[in-house]
Amino acid sequence: MVFTYVSVLLVSGLLSLLVFNMIDLSEASIKKGVGIMFSKQYRCTDESTFNNVHWWYDWHQTPNLMHGYNHCPTTVRSGYVPMVNGKQFERGINISVNSQFLLGFNEPDHKEQANLTAAQASVMWKEVEKHAAGKTLISPAVTDINWLQQFFQYCNNCRVDHVAVHIYKCNAHQIMAYLKQTWDRFHKPIWLTEFACPHTTSAHEQLRLMRELLPLLESAPYVFRYAWFTSRWVFHSHTFVDGSTSLMKENSAELSTLGHYYNNFM
Ligand SMILES: *[C@@H]1O[C@H](CO)[C@@H](O)[C@H](O)[C@H]1NC(C)=O
Ligand SMILES: *[C@@H]1O[C@H](CO)[C@@H](O)[C@H](O)[C@H]1NC(C)=O
């Protein structure tokens, strides 16, 4: 009797898990993700608003800071991928969320970001590796793949399972060509963790890029994951990336037109 009861519980538990997953993410492409930007406009519902987006990240090791600051409930939406950013490296690594993946330093090839030489990063990487046991470890995310090539030269016997790049271009075919070049050079699955059309204030241009590019990203076998930049971006004109890239409406908990397209795609 006890056995039967336990089995019934188990089976019904499994069934409800299945049903839950089906409602939650059945239609979502497994590749599609989003960078959730921590800004003054951030709302606790931002992650869950992307209900047809498989994974997300926030350039940090845990969403605790962002959630704590905004007094959000402690539950974390599924699909979170932590990052050892490189900027706060000296504060230590503590990956407490249960994720299959771990992202490496953010733009070490940019002074305003992780700002590391390939030699510096290769020394630090040994520490990152210690926290990546049992996880797929993704390279530092670069805009210049020559930096990554240097990193591999310095980083003897380093463990890097996948590579990550950022590409800001408005032409889908140029983006795909750069991704193909990245694949040809490293032969590792690629995470395109930031992309958008720069130097434009036109949301229409962003939408045009998305329409052309997303199907190509989905069908390219060497693209493992991708994430648009970004959930919220409030800067207008005279910046490299304008508010037109924002997937959420300014001062609102709702998706922008662009955000609706991105969320609903596949
Ligand atoms: C790591 O983070 C978790 C969750 O935030 C916390 O409970 C734990 O104390 C931290 N460990 C260290 C060594 O800081
Ligand atoms: C970048 O790193 C170099 C060398 O470590 C340092 O001199 C420079 O101040 C850093 N730049 C920024 C913006 O942090």
Side-chain angles (χ1 to χ4, degrees), residues 33-39 42-48 55-156 158-160 163-168 193-194 196 198-199 229-231 233-235 238-241:
V34 62
I36 297 288
M37 184 58 70
F38 181 35
S39 76
Y42 171 82
R43 300 194 185 186
C44 298
T45 50
D46 279 9
E47 295 99 74
S48 56
W55 68 279
W56 64 287
Y57 81 114
D58 63 354
W59 295 267
H60 286 86
Q61 299 181 12
T62 78
N64 291 358
L65 180 74
M66 182 163 78
H67 286 178
Y69 187 83
N70 288 279
H71 307 291
C72 299
T74 48
T75 47
V76 176
R77 178 209 188 275
S78 68
Y80 180 74
V81 180
M83 169 187 270
V84 178
N85 187 301
K87 241 185 166 179
Q88 304 91 16
F89 188 78
E90 61 287 349
R91 283 190 221 156
I93 304 174
N94 178 9
I95 307 298
S96 55
V97 282
N98 186 17
S99 167
Q100 194 190 335
F101 305 103
L102 182 60
L103 295 166
F105 312 138
N106 188 58
E107 296 193 355
D109 52 340
H110 282 257
K111 291 218 176 344
E112 306 310 317
Q113 297 300 326
N115 186 27
L116 297 166
T117 64
Q120 286 173 318
S122 69
V123 175
M124 290 156 68
W125 198 253
K126 291 294 168 198
E127 194 58 32
V128 177
E129 281 182 5
K130 286 183 199 162
H131 297 267
K135 298 183 192 298
T136 301
L137 181 56
I138 297 103
S139 78
V142 295
T143 56
D144 176 6
I145 59 172
N146 293 320
W147 187 98
L148 209 50
Q149 182 136 18
Q150 276 188 357
F151 174 73
F152 279 115
Q153 280 158 9
Y154 280 107
C155 220
N156 259 329
C158 280
R159 200 187 121 212
V160 176
V163 295
V165 292
H166 295 169
I167 309 178
Y168 287 93
T193 42
E194 289 183 21
H199 307 298
F229 186 91
T230 177
S231 64
W233 196 249
V234 294
F235 300 102
H238 308 300
T239 50
F240 175 65
V241 176

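Both ligands and their constituent atoms are indexed starting at 1 by order of listing. Reckoned from all heavy atoms, side chains included, excluding hydrogens, waters and symmetry mates.
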Exercise for review: Look at atom 7 (O) of ligand 2 and say whether a protein heavy atom is found at less than 4.0 angstrom from it.
Suggested key: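 Protein heavy atoms within 4.0 Å of atom 7 (O) of ligand 2 - there are none.
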
Tell me, which protein residue and heavy-atom name are nearest [atom], and how many Å apart are they?
| atom | value |
| --- | --- |
| atom 5 (O) of ligand 2 | Gln120 NE2, 4.3 Å |
| atom 13 (C) of ligand 2 | Lys111 O, 3.4 Å |
| atom 4 (C) of ligand 1 | Ser96 OG, 3.6 Å |

Check your understanding: Of the choices Val97, Ile93, Asn94, which has the non-hydrogen atom that lies closest to atom 12 (C) of ligand 1?
Key ->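 Nearest option to atom 12 (C) of ligand 1, by heavy atoms: Asn94.
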
Review point. Out of Gln113, Lys87, His166, which residue meets the side-chain hydrogen bond (donor to acceptor under 3.5 Å, both in side chains) rule with Glu107?
Key: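 Among the candidates, only His166 passes.
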
Review point. Between Trp59 and Tyr57, how do the two ring planes meet: parallel, tilted or perpendicular, split at 30° and 60°?
Key: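 Tilted, since the angle between the ring planes falls between 30° and 60°.
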
Check your understanding: Which of these, Ile95, Ile93, Asp58, sits in a side-chain contact (heavy atoms from CB on, under 4.5 Å) with Pro82?
Key ->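 The passing option is Ile95.
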
Check your understanding: How about Val128 and Phe89: do any of their side-chain heavy atoms sit closer than 4.5 Å?
Key ->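 Of all side-chain heavy-atom pairs linking Phe89 with Val128, at least one is under 4.5 Å.
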
Practice item. Please state which part of Asn64 comes within less than 4.0 Å of ligand 1, counting heavy atoms only: side chain, backbone, both or neither. Key: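 It is the side chain that touches ligand 1; the backbone stays farther off.
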
**Study point:** Ring centers of Trp125, Phe151 separated by less than 6.0 Å
**Key:**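 They qualify: ring centres under 6.0 Å apart.
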
Exercise for review: Give yes or no for whether the N/O distance cutoff of 3.5 Å, strictly under, is met between Asn115 and ligand 2.
Suggested key: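 N/O-N/O distance below 3.5 Å exists for this pair.
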
Practice item. Applying side chain to side chain donor-acceptor pair (under 3.5 Å), run through His131 and Gln61 and close with a yes or a no. Key: CA-CA 11 Å; His131 297 267; Gln61 299 181 12; over 6 Å; no

